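What you see below is based on every heavy atom in this structure, not just the backbone, and it leaves out hydrogens, waters and symmetry mates. Small disclaimer: the values here were computed from a predicted structure and weren't measured. Residue numbers start from 1 in every chain, and the chains themselves are labelled A, B, ... in the order their sequence lines are given, proteins ahead of strands.
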Number of protein chains: 2
Amino acid sequence: MLSKKTQYAFHALIHLAENADKGPILISEIAQEKNISIKFLENILLELKNAGILGSKKGKGGGYYLLKTPKEIPLAKIIRLLDGAIALLPCVSLNYYERCENCRDEAVCGLNDVMSKVRDATLKILENKTLKDILTRNVSIL
Amino acid sequence: MLSKKTQYAFHALIHLAENADKGPILISEIAQEKNISIKFLENILLELKNAGILGSKKGKGGGYYLLKTPKEIPLAKIIRLLDGAIALLPCVSLNYYERCENCRDEAVCGLNDVMSKVRDATLKILENKTLKDILTRNVSIL
DNA sequence: CATAAACTCTATAAAAAGGATAGACTTTTT
DNA sequence: AAAAAGTCTATCCTTTTTATAGAGTTTATG
């Protein structure tokens, strides 16, 4: 299961993309629209900003906005950024690999084998689908 | 990512299956063999017992043993028992569904749509693969 | 039938994740 | 120059997950 953080990030990104034509969007607007704690959302948007996905403008008329087009933001990237590994086991993760502490030899571990298949099937979807693919509204400017 | 609980459960079940010909297996043996905290493992085996997957025998010569053949234990069942939902989002879970608090209408939510596909791809593997498929050693008695 | 071996149960503690709060800092408008 | 409207940073509280401790119960067996 994805963490709340990642779930909120997706909803926030969707809102930002669908309102990209309106200039910087207030955190408070996203929080209200998507029913998310405003302060918690602050931290999440900040992480997305530090990762180069969002930009922000301070002062009156400020807010957050996408730095890339939705098509350039794969869903897998968001999950890895906020949740870490996508795989179900650490010993099967491509980006956050950790040696298995519970088995003798990963090379002949049947669990490793099955979970690799699950990872591949999941990544095939999440690395190819982007923010654009999960938008409801089509925004002409994008 | 699967919880430690579920990860440990898989390794314990593998050990039980691969040594099914030896009668009841001690918790301590599994814990040592698989490098798992013995007391934590106790709780896990108890849950598996209460779910009807394992049986136990008390007293000298006691221990845990499988109540079903490995082929009858789908991997998805173990995950659902110990971790709950397999899906990445509550609003997409078949067995642990919860309404989405962050979007207006799940029926037209693009996130819901993509995550349903991930769920289907994952379940296609995890519901068809069983404990038997992740064993290293072939035990004739099974 | 006493004893040791082994599982069972309840309570508690430590660590991580989720969520909430406060206040400092920055930019813009007037 | 100052107030308004935002972001940024740090800390704290609660819940869940992970792990530990110890008393209690059952069973084989000599």
Notebook entry, point to check: Rounded to the nearest 0.5 Å, how far does NZ of A/Lys4 lie from OG of A/Ser37?
Noted result: 12.0 Å

Checklist line | Partner set under side-chain contact (heavy atoms from CB on, under 4.5 Å) for A/Leu94, not counting sequence neighbours | finding: A/Arg119, A/Leu123

Item checked: Test: B/Lys77 and B/Glu72 ion pair at under 4.0 Å -> no

Margin query: Looking at A/Asn112, is its backbone amide N or carbonyl O close enough to the side chain of A/Ser116 to form a donor-acceptor pair, meaning the two atoms are under 3.5 Å apart?
Written below: yes

Margin query: Treating A/Asn102 as the side-chain partner and B/His11 as the backbone partner, does any N or O pair qualify as donor plus acceptor under 3.5 Å?
Written below: no

Check: Got a sec, which residues hit salt bridge (Lys or Arg N to Asp or Glu O under 4.0 Å) with B/Lys117, two or more places apart in sequence or on another chain?
Finding: B/Asp113

Next item on the list: Could you identify which residues cluster with A/Tyr65, counting Ile, Leu, Val, Met, Phe, Trp and Tyr as linked when any side-chain heavy atoms lie under 4.5 Å apart, either directly or through a chain of such contacts?
Entry: A/Leu67

Notebook entry, point to check: When you check the side-chain N and O atoms of B/Ser56 and B/Lys49, is any donor under 3.5 Å from an acceptor?
Noted result: yes

Next item on the list: Would you mind classifying the nucleic acid contact of B/Ile36 as base, sugar-phosphate or nothing, using non-hydrogen atoms under 4.0 angstrom?
Entry: nothing

Any protein N or O atoms within reach of nucleotides 15-21 of chain D? Criterion: under 3.5 Å, listing atom names and distances.
from   : atom 1 : to      : atom 2 : distance (Å)
D/dT18 : OP1    : B/Lys4  : N      : 3.2
D/dT20 : OP2    : B/Ser37 : OG     : 2.6

Checklist line | A/Leu13 and its side chain to side chain contact (heavy atoms under 4.5 Å, CB included) partner, picked from A/Leu135, A/Leu75, A/Leu48 | finding: A/Leu48

Check: How close or far is atom C1' of D/dA4 from atom CG of A/Leu26, stated in whole angstroms?
Finding: 13 Å

Next item on the list: Return the residues of residues 50-60 of chain B meeting this criterion: a heavy atom under 4.0 Å from some atom of DNA chain D. Order them by number, or give none.
Entry: B/Lys57, B/Lys58, B/Gly59, B/Lys60

Next item on the list: Shoot me the first and last contacting nucleotide of DNA chain C against chain A, ordered 5' to 3', at under 4.0 angstrom to non-hydrogen atoms.
Entry: C/dG18 to C/dT29

Next item on the list: Output yes when a side-chain donor or acceptor of A/Gln7 lies under 3.5 Å from a complementary backbone atom of A/Leu2, and no otherwise.
Entry: yes

Margin query: Between C1' on D/dT9 and CD1 on A/Ile27, what's the gap in Å once rounded to a whole number?
Written below: 13 Å

